[in-house]
Each structure stands twice: as structure tokens, then as C-alpha cells.
Amino acid sequence: MDLTRLVVVSNRLPAALKKDEQGDWKVVPGAGGLVTAMAPVLRDRGGTWIGWSGTAGGAEVMDLLASFSKEAGYELKPVGLTAEEVNDFYFGFSNEVVWPLFHDFQSRCNFKPRYWHRYVDVNRKFAEAVAKWSGENDYVWIHDYHLMHVGWWLKEMGVTRRTGFYLHIPFPPVDIFLKMPWRTKILQALMEYDLVGFQTYRDRRNFIQCLKLFFPDVKAKGRGPVVRITHDGGTFNAGYFSIGIDYKQFNDMARRPSVKKLAQTIKEADDDRMIILGVDRLDYTKGVPQRLEAVRTAIENYPELHGKIIFTQVLVPSREKVPEYVALKEEIERLVGEINGKFSQPGYTPVQYMYRSLSREELVAYYRAADMALVTPLRDGMNLVAKEYCACNINRKGVLFLSEFAGAAAQLQNGALLVNPYDVEGVAKAIHHAYYMDDKDKRLRMRKMQDIIRKYDIFWWLDSFLQAGFSRGLGDFPPQESVDYAAFFEMGEVEESEDDSSRM
Ligand code: ADQ
């Protein structure tokens, strides 16, 4: 293989720059799954990570990152953004246009032309950084919805690189994507990458349907997860690669004596009660108010559950300065207050609520202690919480309720109890059903999910994408044969010219 180095590009660098108490900058390394998986590859292959440092840049920042790079074993190269750029590109176009539209919330979109223009300009800045910090033989892997235009700019600038793009969030269906004022420009930009990767078959299908609507000459051909798309004499590949977690790391941590002890403390407080857990970033796509309504309905419709279930919601602060998110937090807190006001009794508070980020050990202890997890986003690219919960379920007696609208449903449908998050009575009924589910059934379901999550972990995801990206053909892509992708909502909607007979 002639490609030697990997260049990863994402909106944020995998390390944040923060000021300490003395007002000096310091580098705090990221600990997410993506960083964990990428770091060894970047180190072994040699590589660079390009992203916004959280500041406007400057010599001090460069020095700090240079010393961090030395320790990490790969380079970190910052893109500096001004306050206006952060406002219009990040808070504006990324979070008020693409995020809501791609999650099917078109009524929440704020299609300000200024946002769009700044988005394109900032993407150019990222492309310039790629041109500067990468070489012709490097593979450039661009991540997520903030940076859909980088490949297009590289082409405009005459910079030749092998490029791959991965979308972590859903790609919307045609009827919703049509609302985007800059729809053809976005599709054209995506077609400039050599490989465009999505979370699920459904996302790739939506993308291809949008392409075909706007560019009638588009043809999609191929078998399996990666297809070849031809348009206007050019070709590129589009595939789906469901992102996974570092299963082993979560599972090992859940077995640690310190975590076991913490989990016991969590459980002991409500020894004879079933703990139902919710863990989310504060975001309207996660369906937290609907989930609280479902818990309320469960206690109302099934009085025998009163005093027997505890719902613990962990909410991670996010986008706290945005008024919509402030309002959402208030709504959630009002609902928690109402439910507890109505159903609490001495020694029993039905909803426990935490608004803060937990340490990894605490989070894993909650996963381990929980008898059930309510993962009910209204729409989600994948949802890693669902996978993390299963990885930490040591006794295999846990039950996962999973939204039909989470990308993870395609992989976990055989073990999870799939629910429609808008159907609060349906979710309440599922909770009631799970309360009486026998241990044998629970174990069988959990084992199925764990097998899939262990096999298709974050390292598998990374290898699959890179193999598909590095190979110019479609033939040597690793099979995903034991992933059951025949989710009910995907049936009967197979692309005509897309031979996907290997999709099971
Ligand atoms: P997110 O929308 O952030 O990710 P998700 O996939 O659930 O959603 O990941 C959240 C992460 O935050 C998990 O790894 C979890 O461990 C962590 N986390 C949650 N609560 C925490 C807490 N209280 N303390 C500490 N950590 C906490 C986007 C897309 C998803 C897609 C991922 C990856 O929106 O659909 O699955 O990227 O591609």
C-alpha cells in the first residue's frame, strides 16, 4: 500500500485547551472512543489530527500542542476560529441548520444565509490546513457534519489527496433534505470525497435517493455495505459502517472491584427496586421529556410498579448558552418535579436526576447497577450509550429499551425491546413487560447484543472504513455477515440499481 500516513480532520481536536486557575493555558486530552481507537493507528502509521483548538490560535497554542504531540506520538494541528466564525459556522450552520434538519426536526432550523456563507468559508480554512499539514500520499479522513465542504475546497484548490468522509449523524430522507436551501451544493460537495461513510444502510439509502433526485445520471452499483456511485463521468464510493465502542475497555472496567463496589452502593440504596437508567447529553434529539412522560405513564397505568421502579436520569450539560437548550433543561426539571411531587412517599422518590458529567468509573458503575436502560432518542446516528450499557452488563440480566429511530436499532433489534419514543403508552407497556421478564429471556437477549457489540467494536469500525478507503475497488471490504441489518423499517425500500443482496 502506497499510503503511509493518516490525517484525521474533525471540528474539535482530540484535546481541549483550557485556562487553569492561574490563567495559563493547559492541554486536556480527550478520552472518547474515537480518540482511543484512532490514537494507536495515528501513532503506528504516523499521522496528524487537524481541528479547532477551542481558541483563536496563536504562538502559545502552537507550542502547547507541539509538546502534547510529542507525548501523544502523533501531531495535533490547530485551526484557529474567530468569535464570529464560531458563532455562525458552529452554533449557526452546524447546530441550527444541519443538526436539526438531519435529525428530522426541520421546524427547529434557522436557515440564515449568513450561517451558510460562513460555513463554506470556515470549511475552506480547514481545507487550507489539510493542504498545509498533509502530503500527497496521505489518506485524509474528515469527520462529521461540520466539515462536509472540505473535500470540495481541496478540489477547488487543486490539492490532490485520497479523502474519506464519515457522517456520525443520520442522513435525512429526501422529503426532509429538500428543505435545505443549499441542498445541491451540499450533495455536490459530498460527491468530491473518494469515500462517503454513513452509520447505517438507511442513511446511505437516503443519501443515494437524494443524489438521484438532483442528479438523474447518478448510478449506484455494487454488493454489500460499499457501493460505487458514478456521476458526470466520475466515481466515488458510499458505504455504511456502524460505529462501535471499545467493548473490552468498558467490560473490563465494569469488572473492577472499585466499580463493583460503587455499583453495589447505587443498588443498595434501592435494594428491592428495579433501577431504570437514562444517560444523555442535554439535547432535544434524545427524547428525555417523552421518556419522563413514559415513566409517569408506567406508574399511572400499572400501579403495581409504584414503589418498585426507580428511574435515574443522568444528563450531561451541553450547549448551555443556547436558549433552546436552557428551555429544554427547564422542561425536564419541571417534569422530574411533577412526577416526584405526585408519586414520592417516605423512602421512595421515583425519579433521580443528575445534571453533570460523570467520571468514566461512575458512569460504568451506573451501567452495571441498572436493571434496565431506557435509550429512547427521537433520532440518533447510532447511540453509543446503548452499546456501553450492554458492554457493562456483567450479570446479563439487564434489559435494553431502544428507540426504533436510533442507528443502533439495526444491529441490536434481536436483543433490545424496540420502542417508538413518541408512543409513551407503548414505552410504559414495555417497561411493565420487562419488569416481569424472566432471567432466561433476559440473558438470551443480552448475550446476542453483547456478541454483536464485541465483534463490531470501534477497532472493527476503524479498520473497515480505512480498508474501504485505501482500496480503490469494492472487493476487499471486510464482510459484515453476522450483523443483521434487516430492520423492519428498511424492508421493501431497496434501491433499484443498487445490488445489495448481501444485506441481511
Ligand atoms: P452523541 O450525540 O454525543 O454522539 P452518543 O452516541 O450517545 O451521542 O455518545 C455519547 C457519549 O457521551 C457516550 O460515549 C457516553 O459514554 C458519553 N457520556 C454520556 N453521558 C455521560 C456522563 N454523564 N458523563 C460522562 N460521559 C458521558 C454523536 C452522534 C451519535 C453517534 C456518536 C458516535 O449523535 O448518534 O453514536 O456521535 O458516532
Side-chain angles (χ1 to χ4, degrees), residues 8 10-12 14 28 30-38 94-95 98-105 141-146 165-172 197-200 202-203 240-247 249-251 253-254 262 266 277-288 291 312-319 325 352-368 370 373-392 400 402-403 405-412 453 456-458 460-462 464-465:
V8 176
S10 63
N11 175 45
R12 292 302 296 260
V28 186
L34 192 59
V35 188
T36 315
M38 289 286 185
S94 301
N95 290 338
V98 189
W99 179 266
L101 192 75
F102 281 34
H103 284 90
D104 307 351
F105 288 95
W141 187 0
I142 290 144
H143 287 263
D144 229 0
Y145 61 104
H146 316 86
F165 174 83
Y166 188 79
L167 186 70
H168 289 256
I169 65 173
F171 195 91
F198 300 93
Q199 294 275 20
T200 65
R202 189 186 190 203
D203 301 309
Y240 57 92
F241 314 83
S242 301
I243 197 166
I245 58 164
D246 186 345
Y247 181 93
Q249 194 194 59
F250 274 95
N251 192 269
M253 190 181 271
L262 192 53
I266 295 166
L277 181 67
V279 176
D280 308 82
R281 247 184 337 98
L282 174 67
D283 196 280
Y284 53 83
T285 60
K286 301 295 181 184
V288 179
R291 189 182 307 162
T312 299
Q313 175 66 52
V314 181
L315 207 55
V316 187
S318 173
R319 301 175 198 172
Y325 285 72
Q352 293 189 355
Y353 167 71
M354 278 170 270
Y355 181 69
R356 61 190 157 91
S357 198
L358 303 181
S359 70
R360 181 58 70 89
E361 276 218 348
E362 275 181 295
L363 182 66
V364 169
Y366 270 98
Y367 284 148
R368 183 177 166 149
L374 258 181
V375 182
T376 53
L378 305 177
R379 193 79 183 90
D380 217 329
M382 178 54 50
N383 195 296
L384 299 181
V385 168
K387 294 186 174 184
E388 291 166 5
Y389 171 68
C390 294
C392 297
L400 173 67
L402 182 59
S403 164
F405 311 121
Q411 282 179 307
L412 304 182
I453 300 165
Y456 299 100
D457 65 4
I458 185 80
W460 171 89
W461 170 80
L462 185 109
S464 309
F465 189 94

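As the structure lists them, so they are numbered: ligands from 1, and atoms in each ligand from 1. Hydrogens, waters and symmetry mates play no part in the numbers below; they use all other heavy atoms, side chains included.
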Problem - N or O pair under 3.5 Å between His168 and ligand 1 - result: yes

Exercise for the section: Could you tell me whether the side chains of Tyr325 and Asp283 share a donor-acceptor contact shorter than 3.5 Å? Expected result: yes

Handout entry: Nitrogen or oxygen atoms of Leu358 and ligand 1 under 3.5 Å apart
Key = yes

Handout entry: Trp99 neighbourhood, listing ligand 1 atoms whose heavy-atom distance to it stays under 4.0 Å
Key = 34 (O)

Practice task
With sequence neighbours excluded, tell me which residues meet side-chain hydrogen bond (donor to acceptor under 3.5 Å, both in side chains) with Ser318.
Solution key: Arg281

Problem - ligand 1 to Arg281 polar contact by distance, N or O atoms, under 3.5 Å - result: yes

Exercise for the section: Select the closest option to atom 21 (C) of ligand 1 among Leu315, Asp283, Asn383, Val316, judged by heavy-atom distance. Expected result: Val316

Exercise for the section: For ligand 1, note which part of Leu384 has a heavy atom under 4.0 Å away: side chain, backbone, both or neither. Expected result: both

Practice task
Could you tell me whether the side chains of Arg379 and Thr285 share a donor-acceptor contact shorter than 3.5 Å?
Solution key: no

Exercise for the section: Decide whether the shortest distance between a heavy atom of Trp461 and an atom of ligand 1 is less than 4.0 Å. Expected result: no

Problem - No-hydrogen, no-angle side-chain donor-acceptor test under 3.5 Å, Gln199 and Tyr240 - result: no

Handout entry: Listed partners of Asn251 passing side-chain hydrogen bond (donor to acceptor under 3.5 Å, both in side chains), at least two apart
Key = Arg255

Problem - Any Phe105 side-chain heavy atom under 4.5 Å of Leu378 side chain - result: yes

Problem - Distance filter under 4.0 Å to Glu388 heavy atoms, resulting ligand 1 atoms - result: 13 (C), 14 (O), 15 (C), 16 (O)

Practice task
For Glu362 and ligand 1, answer yes if some heavy atom of the residue is under 4.0 Å from a ligand atom, otherwise no.
Solution key: no

Fill in the blank from the handout: Under 4.0 Å between heavy atoms, the region of Phe102 that gets near ligand 1 turns out to be neither

Problem - Whether Arg356 lies under 4.0 Å from ligand 1, heavy atom - result: yes

Practice task
Step through it carefully: locate the ring centre of Tyr166, locate the ring centre of Trp461, and say whether they are under 6.0 Å apart.
Solution key: yes

Handout entry: Side chain to side chain, Asp380 and Phe405, heavy atoms closer than 4.5 Å
Key = no

Handout entry: Sub-4.0 Å atoms of ligand 1 with respect to non-hydrogen atoms of Asp380
Key = 30 (C), 34 (O), 35 (O)

Handout entry: Nitrogen or oxygen of Ile169 less than 3.5 angstrom from that of ligand 1
Key = no

Exercise for the section: For ligand 1, indicate whether the residue Lys286 contacts it via side chain, backbone, both or neither (heavy-atom separation under 4.0 Å). Expected result: side chain

Exercise for the section: Salt-bridge test for Glu361 and Arg368: reply yes if a basic N is under 4.0 Å from a carboxylate O, no otherwise. Expected result: no

Problem - Side-chain touch Tyr247/Ile458, heavy atoms, less than 4.5 angstrom - result: no

Practice task
Report yes if some N/O of Val279 lies less than 3.5 Å from some N/O of ligand 1; otherwise report no.
Solution key: no

Problem - Leu282 side chain reached by Arg319 side chain, heavy atoms, under 4.5 Å - result: no

Exercise for the section: Below 4.0 angstrom from a heavy atom of Ile243, which ligand 1 atoms are there? Numbered from 1 as shown, please. Expected result: 33 (C), 38 (O)

Problem - Ile245 contact mode with ligand 1 (heavy-atom cut-off under 4.0 Å) - result: neither

Problem - Close-contact set for ligand 1 against Gly381 heavy atoms, below 4.0 Å - result: 35 (O)

Problem - Steps toward ring pair (Phe, Tyr, Trp, His ring centres under 6.0 Å) verdict (Tyr145, Trp99) - result: CA-CA 8 Å; Tyr145 61 104; Trp99 179 266; 5.7 Å; yes

Problem - Leu363: numbered ligand 1 atoms lying under 4.0 Å from its heavy atoms - result: 16 (O), 26 (N), 27 (C)

Handout entry: Gln199: numbered ligand 1 atoms lying under 4.0 Å from its heavy atoms
Key = 31 (C), 38 (O)

Exercise for the section: Taking the side chain as every heavy atom from C-beta outward, state whether Gln313 and Asp280 have any atom pair closer than 4.5 Å. Expected result: yes

Handout entry: Enumerated ligand 1 atoms positioned under 4.0 Å from heavy atoms of Val385
Key = 7 (O)

